[in-house]
Amino acid sequence: MHILVCGGTGCQSSDSAKIQSNLEKELALKRLQDDVQVIRTGCFGFCEKGPIVNVLPDNTFYVEVKPEDAKEIIDEHVIKGRRVERLLYVDPEKEKHVEDSKHMGFYKKQLRIALRNCGFIDPENIEEAIAHDAYQALGKVLAEYTPEETIEVVKKSQLRGRGGGGFPAGLKWEITRKSVSDKKYVVCNADEGDPGAFMDRSILEGDPHSVLEAMAICGYCIGSDEGLIYIRAEYPLAIKRLKIAIEQAESFGLLGENIMGTGFNFKIRLRYGAGAFVCGEETSLIHSMEGKRGEPTNKPPFPSVRGYLGKPTNVNNVETFANIPAIILKGAEWFASIGTENSKGTKVFALAGKINNVGLIEVPMGITLREIIYEIGGGIKGGKKFKAIQTGGPSGGCLTEKHLDTPIDYDNLLKAGSMMGSGGMIVMDEDDCMVSVAKFYMDFIVEESCGKCAPCRIGNKRLYEILDRITQGKGTIEDLAKLRNLSSVIKDTSLCGLGQTSPNPVLSTLTNFEEEYIEHVVDKKCRSGQCKNLSYYVIDEELCVGCGACLRNCPVHAITGEKRQAHHINTDLCIRCDACIAKCSFDAIRIQSEPKILAHK
Amino acid sequence: MNKIKTLADLKRMQENVKSKVSLRDKASRAEDLVQVKVAMATCGIASGAKEVMEFFVVELDKRGIEAVVTQTGCMGYCFAEPTVEITLKDKDPVVFGYVDTKKADEIIEKYIKDGEFVDGIIPRNYETIK
């Protein structure tokens, strides 16, 4: 019997390490330690309900497990063979316990290629990886294929870069191969910077060998003997597992000198980033690795011609690499049979925001947003109404209800005014104010702009200021035209990808939610009540008992009322500090877009 | 640690380590395999269920039969321990009582291989409340 305990960052922060040690302790007490194995794996993806414990072979899927549940799992499940009902996942629709992951809506529509081993193997044990075909693709390539033939396979699979741009991976390899130089580099871009995205981290934590193997394959193809992984220092667990993986692969002779007796040498080293968003852009990334400031330079020359230390460098994203071994082993035709016409294979998305099943999913290209949100994601939190979904992070845009049935691939997302990006998906419901959402992303961009070129440094700051003004209730209708103009100038004149895409959140919210902007600047209203200066604090007279708690705590004496009579807030005096809401025990104070109470609870 | 020097080395190594994780691979397609459940409550263990389970694990592997062998709780037939439940593909589970290693051998050879019943079947005398 195997008990798999999730050891991803999410679950570890909710004590999964303690769960594992408690399970082992209980097993030792019952002298079952030889019969039952406890294995710490990478992320299962179902982070919403973590920590996850999966018992095999009966495939029982326990959610929200606490360290003290270990005893019950061992006593009941392992010894007596009865599932611990209260720890099973409850299907929110049928309100029924679901025993195994196969029957969970979250997993039904998923197809796992890049995540094939995540949540299935112990990432700190190379033997488990080898049992699941790790390094077989490298062996096959070295023994049977020439570099050109390998590139041909990757090209035929039509794999496109998963970091966001979607450049064909095989073509990139071919260009780097054709660059003539005494030294070339393979770089893995693990500088995942989008807010709410954690695809690359989970792959590195759950299956580091797949990335190492693919980098070596890439090295063989382009004629390089050295790989570098640029990873942000904020990912300590991923770094730790990568180090262990590299060490184990070297001691097994799967990395290093004369790999599998073929004379091919390849070593991999880590390079740490300080977590700057711009360093996900490949030229900035290379400068940062060289010890220089993380600033972009003009392309061309592309890194495949002049990259790290002036040598030809092939930069690919973590997820792109993770697909490579599967493509080599199963064939380009198999990979190209999945997905849509111009976007093959699968994509990993990180679901976040107002959605029931927050987590990590891998789905075939061409799936619709509706399937992702309602079938895999389990719908909107609290039964609220779906409003928008932000894809592609701060460089992407938001999609709305009318895009729900659009098949997702690189081209369709671009057409809809967003982009694939690295795969973050943030879901927003009716309580979210779209102007504030745009402001949030601009705040992020202003913070992360490297400052090298004026359009991005100054332009984005101005965009932010206009948006701030609008949310304060001081905007005018002319501001909307200004936002549009400025955005298109920034897009056209910025130096790198960061600036060229940074106004996207503004443009897409302006296109899809123009009426909300107009409400803010003309009617001075925020329908969601998120812009405090545009909203009213109102006491529901039916709920107010006149206890006086709010009145006593209001710092500006804006509240009046007799004892045991409904109180009243003077909107002109109110500074919207929330002190009254914090003190009210009757939930009688509301923030809303109208000065009068709209509907009683 | 011996270094992996050729692709053949890697393949050999994969064969060696596969058994360690085979349980997990089999779990994902358990319905298609022979499922053996050994009752391993106090009564079962006291009557030698551990040896029986070990026997199933080792022998099924040796005889090249892909199976998922697991332990389960007391089936309620404490008088007939050790008890073993066998589910062949697309068939109803059958419970065997008084299973020692000799009986286990017979079960593998006759029931699992050929679907031929052997003595010691405990008739199902209950309905599961759904």
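In what follows, chains carry the letters A, B, and so on, assigned in the order in which the sequence lines appear, proteins first and then strands, with residues in each chain numbered from 1. Values below: every heavy atom of this structure, side chains too, minus hydrogens, waters and symmetry copies.
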Heavy-atom distances under 4.5 Å only: say whether [X] touches chain B with side chain, backbone, both or neither.
| X | value |
| --- | --- |
| A:I130 | both |
| A:I39 | side chain |
| A:Q248 | neither |
| A:E76 | neither |
| A:V36 | side chain |

Closer than 3.5 angstrom, by distance alone: can the side chain of A:R83 be matched with the main-chain N or O of A:Y62 as a donor-acceptor pair?
no
Mind ranking [options] by heavy-atom pairs under 4.5 Å with chain B and telling me who comes out on top?
| options | value |
| --- | --- |
| A:D133, A:L138, A:T262 | A:D133 |
| A:K140, A:Q136, A:M1 | A:Q136 |
| A:I121, A:L4, A:N59 | A:L4 |

Beyond-backbone contact of A:R116 with A:P325, side-chain heavy atoms, under 4.5 angstrom:
yes
Can you find a heavy atom in the side chain of A:I74 that is under 4.5 Å from one in the side chain of A:L29?
no
Side chain, backbone, both or neither: which part of B:K11 has a non-hydrogen atom closer than 4.5 Å to chain A?
both
Fit a plane to each ring of A:F46 and A:F106, take the angle between them on a 0 to 90° scale, and name the class: parallel (under 30°), tilted (30 to 60°) or perpendicular (over 60°).
tilted
Below 30° counts as parallel, above 60° as perpendicular, anything between as tilted: where do the rings of B:F79 and B:Y98 land?
perpendicular
Inspect the contact between B:E106 and B:K103 and indicate whether a charged nitrogen and a carboxylate oxygen are less than 4.0 angstrom apart.
yes
Taking NZ, NE, NH1 and NH2 as the nitrogens, is one of them in B:D9 or B:R12 under 4.0 Å from a carboxylate oxygen of the other?
yes
